[in-house]
Each structure stands twice: as structure tokens, then as C-alpha cells.
Protein chains: 2
Amino acid sequence: MPTARRSDTTRAAILEAARERFAADGYERATIRAIARDADIDPSMVMRYYGNKEGLFAAASAIDLRLPDLTALPDRDRVGAVLVEHFLDRWEDDEVLTALLRVGVTNEAGAARMRSVFAEQLGPVVRDLRPGAADAPRRAALVASQILGMALTRYVLRLPPAVDMPRTDVIAWLAPTIQHYLTADQP
Amino acid sequence: MPTARRSDTTRAAILEAARERFAADGYERATIRAIARDADIDPSMVMRYYGNKEGLFAAASAIDLRLPDLTALPDRDRVGAVLVEHFLDRWEDDEVLTALLRVGVTNEAGAARMRSVFAEQLGPVVRDLRPGAADAPRRAALVASQILGMALTRYVLRLPPAVDMPRTDVIAWLAPTIQHYLTADQP
DNA sequence: AGTGTAGGCCAACAACTGTTGACATGTCGT
DNA sequence: ACGACATGTCAACAGTTGTTGGCCTACACT
């Protein structure tokens with residue numbers, strides 16, 4: 001176990017500033033200079049600690065969706081609601097998700113990271129829900145399409161009706177959709 | 001009626017190249033120089049005809065969703081399927097939609113354009129479907145969230161299961177969702 | 001035929017980008 | 001107290017960006 005280094009606070013400040021900038025501006029417009037200014041350090045420190053801009057993004061975009069174990073849910077009819085609720089929570093308290101979405105749209109490394117996050121974290125959760133079903137990845141992609149679509153319209157594009165919709169209404173509308181994608185027979 | 005100018009072919013070439021670049025690269029990485037190179041003209045011509053980069057984007061991102069009149073549909077239960085099919089068509093033969101999506105995520109002018117397109121084109125179609133209903137904008141936003149979410153995962157992020165899904169399967173899965181958002185009672 | 005003007009090209013600008021290396025400062029073990 | 005090493009600062013680099021103004025060319029009208 002590596003002992004705490006004196007520079008850890010600087011590293012952390014850089015990461016936090018980077019996450020904010022990537023989330024607010026996307027990859028290109030989030031400049032190393034602006035990130036360094038936010039973190040109150042010299043731009044060259046970013047290079048020293050993270051190699052280059054890609055390395056910084058890789059470090060800043062590490063994320064754990066913290067998906068719950070849906071098989072442990074007493075009421076199997078509520079998996080859709082639970083999942084929507086969980087994603088709304090995650091999106092609202094972790095700007096990395098918005099950063100990932102913004103960067104993934106214009107940067108191939110960001111898109112790749114987005115793909116692997118969903119394949120490695122959402123995929124297994126969906127698979128465990130219907131053991132032996134070969135179409136689990138497809139169902140996971142359908143879930144992702146609705147979840148990401150709502151995040152896009154509500155938190156990034158900010159379509160007024162999507163922004164104004166109360167959280168409970170979002171859950172009420174989206175839960176049956178997600179439930180359908182997860183549990184319905186193939187149409 | 002203004003007579004055809006000699007420069008119209010150049011203007012058109014610039015617009016076409018701009019649409020391609022914006023769709024492929026987003027706003028920041030679609031440089032005026034690259035667009036000019038594609039159109040086989042000098043970068044200064046872009047400025048002469050469109051003022052600046054923002055003006056070029058405004059001109060290149062004009063779009064008509066060509067939404068069908070859903071009230072004229074004989075079978076009211078098929079509005080969801082018709083809409084999904086229509087959007088898949090539009091997305092696959094008009095790169096402006098991808099450009100709008102890519103730019104809207106990192107550029108405020110792009111996001112504004114996206115908002116107005118959906119408010120002015122999708123909004124009325126949804127409103128006409130349930131006359132007198134006050135929640136039409138909300139339903140339109142829900143439809144937008146699912147449509148844009150699928151476009152995002154399939155055409156931009158390229159999640160493999162979403163890319164591999166045959167067109168007919170996409171329609172079969174998404175149609176009930178859209179139908180629900182358009183016609184279900186408030187949950 | 002001559003001329004005004006629209007169309008087009010070239011070279012340059014100032015600002016900004018990621019990135020680098022040299023140099024100063026501080027901290028720690030000895 | 002001294003040297004080694006981590007931490008931080010400064011200035012500069014080469015390249016790219018949007019944008020501008022001057023200049024040349026070819027067409028259209030009288």
C-alpha cells in the first residue's frame with residue numbers, strides 16, 4: 001500500500017477541476033489552462049501528474065455506476081422504477097456522468113469509455129435478471145437508450161418540458177418503459 | 001424573387017462540407033479550414049458568405065423533420081410505430097440531424113437550435129394528437145428523450161448492441177414506448 | 001471595348017492550444 | 001547541517017484557430 005504523498009491534495013484538486021470543466025464544456029473546450037486555473041496550480045503540473053490531456057480525461061472519467069443488485073429486490077415488478085430512480089440520483093450528484101456524456105459525443109476515447117462503462121456495469125445487471133437469455137446485451141442497450149436520452153434532454157440539451165418535469169413524474173413515465181425493456185418477451 | 005447568382009454552387013458546396021464536418025466532428029473540431037478544404041475553396045470565402053463560424057453553423061443546421069400528420073393516420077394504434085420509423089429514416093438519410101446532436105451537446109447555440117426544432121416541429125404534432133390536453137409539451141419531451149436516446153446510442157456513441165439491432169427490431173421495441181408516451185393517461 | 005463589380009485567392013494577424021525543459025523552492029532522512 | 005528528491009514556477013516552443021484586408025481575375029452591362 002503506497003503511503004500518502006504530499007502532492008495528493010494537488011492531484012485531487014486537478015481531478016475535481018477537470019471533472020467540472022469536462023462536464024461543463026466537453027473535451028475540446030475544457031482547456032488544460034482553464035483546469036489549472038480552477039485548481040490554482042500551474043498547467044505544467046497537470047502534465048507532470050497525468051502525462052497529457054488524454055491521460056487526464058482517463059483519470060477524471062473513472063466512474064462506478066453503483067448499480068444495485070436487482071435480483072435481491074423483493075418486488076420484481078419494481079426493477080424499472082428502482083433503476084430509473086437510481087440513475088436520476090447518480091446523474092444529479094456525480095458530474096462525471098455528464099462529463100462522460102458530453103465528451104463521448106465528440107471524442108472517440110470518451111465514446112469508448114462510455115461503451116465500456118455500460119457493457120461492464122449495466123450489462124451484468126441486466127444479464128443476471130434473466131439468466132440464460134441471449135438477448136441481455138440488446139436489452140441493456142435499450143435501457144441505456146432511454147436513460148441516456150432522458151439525461152441528454154434534461155441535463156445537457158435542457159429541453160424546458162424535460163427540465164421542468166418533477167422527479168416523481170420522470171420516474172412514473174420512464175419506469176414502465178425500462179420495465180418493459182428488461183422483462184417483456186421479445187416483441 | 002432573387003435571380004440565381006454565380007456563386008450559388010460555391011455556397012452549396014460550403015454548406016454540404018460544413019454539414020458533413022459538423023456531423024462527424026462536432027462544433028470545435030470542425031474547423032473552417034477543413035470545411036474549406038473539403039469544398040475546394042479558400043477559407044476566406046466561408047467568412048464572406050456566412051459572416052463567421054456561428055453563422056455558418058446556423059445556415060448548415062437548418063432542418064425540417066418532415067413529420068407526417070399523425071391525425072390523418074387510419075389506425076390510431078400505429079402512431080408510435082410510424083413515428084419511430086420516420087425518425088430512423090430521417091436520421092439515416094440526413095446528416096444534419098447527427099450534426100445537430102453532436103453540436104448541441106457542447107455548444108449553446110446548437111442546444112438552442114435543437115430546443116427550437118423540437119418545440120416547433122415535434123410539439124405541434126403531439127398537440128394535434130390529443131386536442132385540448134395541457135401536457136402535450138411534456139409528452140413531446142418524453143418522445144424526444146427516447147428518440148434522441150436511440151440516435152445517441154446507435155449513431156453517435158455506437159454501443160454495439162444498438163448498432164447491430166436490425167431496423168425492424170428497433171421499431172418493434174421502441175414503438176410501444178412512443179405510443180405510450182403519446183396516448184397513455186397520465187401515470 | 002471598356003469598366004464596374006462580384007467572385008476568388010493569398011498572406012498575414014493575434015490569440016490560443018498542448019506540451020516541454022530549465023530553474024527555483026521546499027521537505028525529508030541522515 | 002547537508003544533500004536528495006519531490007513539488008512547484010516561469011517562460012517559451014511550435015502548431016492551429018477564427019478572422020481580416022489587399023490583390024487579382026473574369027464576367028456583365030453600357
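So you know, we letter chains A, B, ... as the sequences are listed, proteins then strands, and number each from 1.
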**OP:** Answer yes or no: does a side-chain N or O of A/Thr10 lie under 4.0 Å from OP1 or OP2 of D/dG8?
**Re:** yes
Rounded to whole Å, how long is the line connecting atom [atom1] of [X] with atom [atom2] of [N]?
X: B/Arg29; N: D/dT17; atom1: CZ; atom2: P; value: 11 Å
X: A/Asp8; N: D/dG8; atom1: CG; atom2: P; value: 10 Å
X: B/Asp42; N: C/dC9; atom1: CG; atom2: C1'; value: 5 Å
X: A/Tyr27; N: C/dT17; atom1: OH; atom2: P; value: 14 Å
X: A/Arg11; N: D/dA6; atom1: CZ; atom2: P; value: 11 Å
X: A/Arg48; N: D/dG8; atom1: CZ; atom2: P; value: 9 Å
X: A/Arg37; N: D/dT9; atom1: CZ; atom2: P; value: 15 Å
X: A/Ile41; N: C/dT19; atom1: CD1; atom2: P; value: 14 Å

Heavy atoms from C-beta onward define the side chain here; which of [options] lies closest to that of [X]?
X: A/Met45; options: C/dC9, D/dG18, D/dT7; value: D/dT7
X: A/Lys53; options: C/dG18, D/dG8, D/dC10; value: C/dG18
X: A/Met47; options: C/dT19, D/dT19, C/dG7; value: C/dT19
X: B/Ile32; options: D/dG18, C/dT19, C/dG8; value: D/dG18
X: B/Asn52; options: C/dC9, D/dC10, D/dT19; value: D/dT19
X: A/Ser44; options: D/dG8, C/dT19, D/dC10; value: D/dC10
X: A/Arg33; options: C/dT19, C/dC10, C/dG7; value: C/dT19

Original post:
If two hydrophobic side chains count as joined below 4.5 Å and joins carry through other members, does A/Val163 share a cluster with A/Met150?
Top reply: no
Subject >> Spatial distance of atom CG (B/Leu142) from atom CD1 (B/Ile178) [nearest 0.5 Å] >> reply: 9.0 Å
Original post:
Considering only heavy atoms and no angle criterion, is a donor-acceptor pair shorter than 3.5 Å present between the side chain of A/Thr31 and the base of C/dC16?
Top reply: no
Subject >> Stepwise side-chain contact (heavy atoms from CB on, under 4.5 Å) test for B/Val126 and B/Leu70 >> reply: CA-CA 8 Å; B/Val126 174; B/Leu70 296 180; over 6 Å; no
Original post:
In terms of ring plane angle, is the pair A/Trp91 and A/Tyr155 parallel, tilted or perpendicular, where the classes change at 30° and 60°?
Top reply: parallel
Original post:
Is there a side-chain contact between A/Leu174 and A/Leu88, using heavy atoms and a 4.5 Å cut-off?
Top reply: no
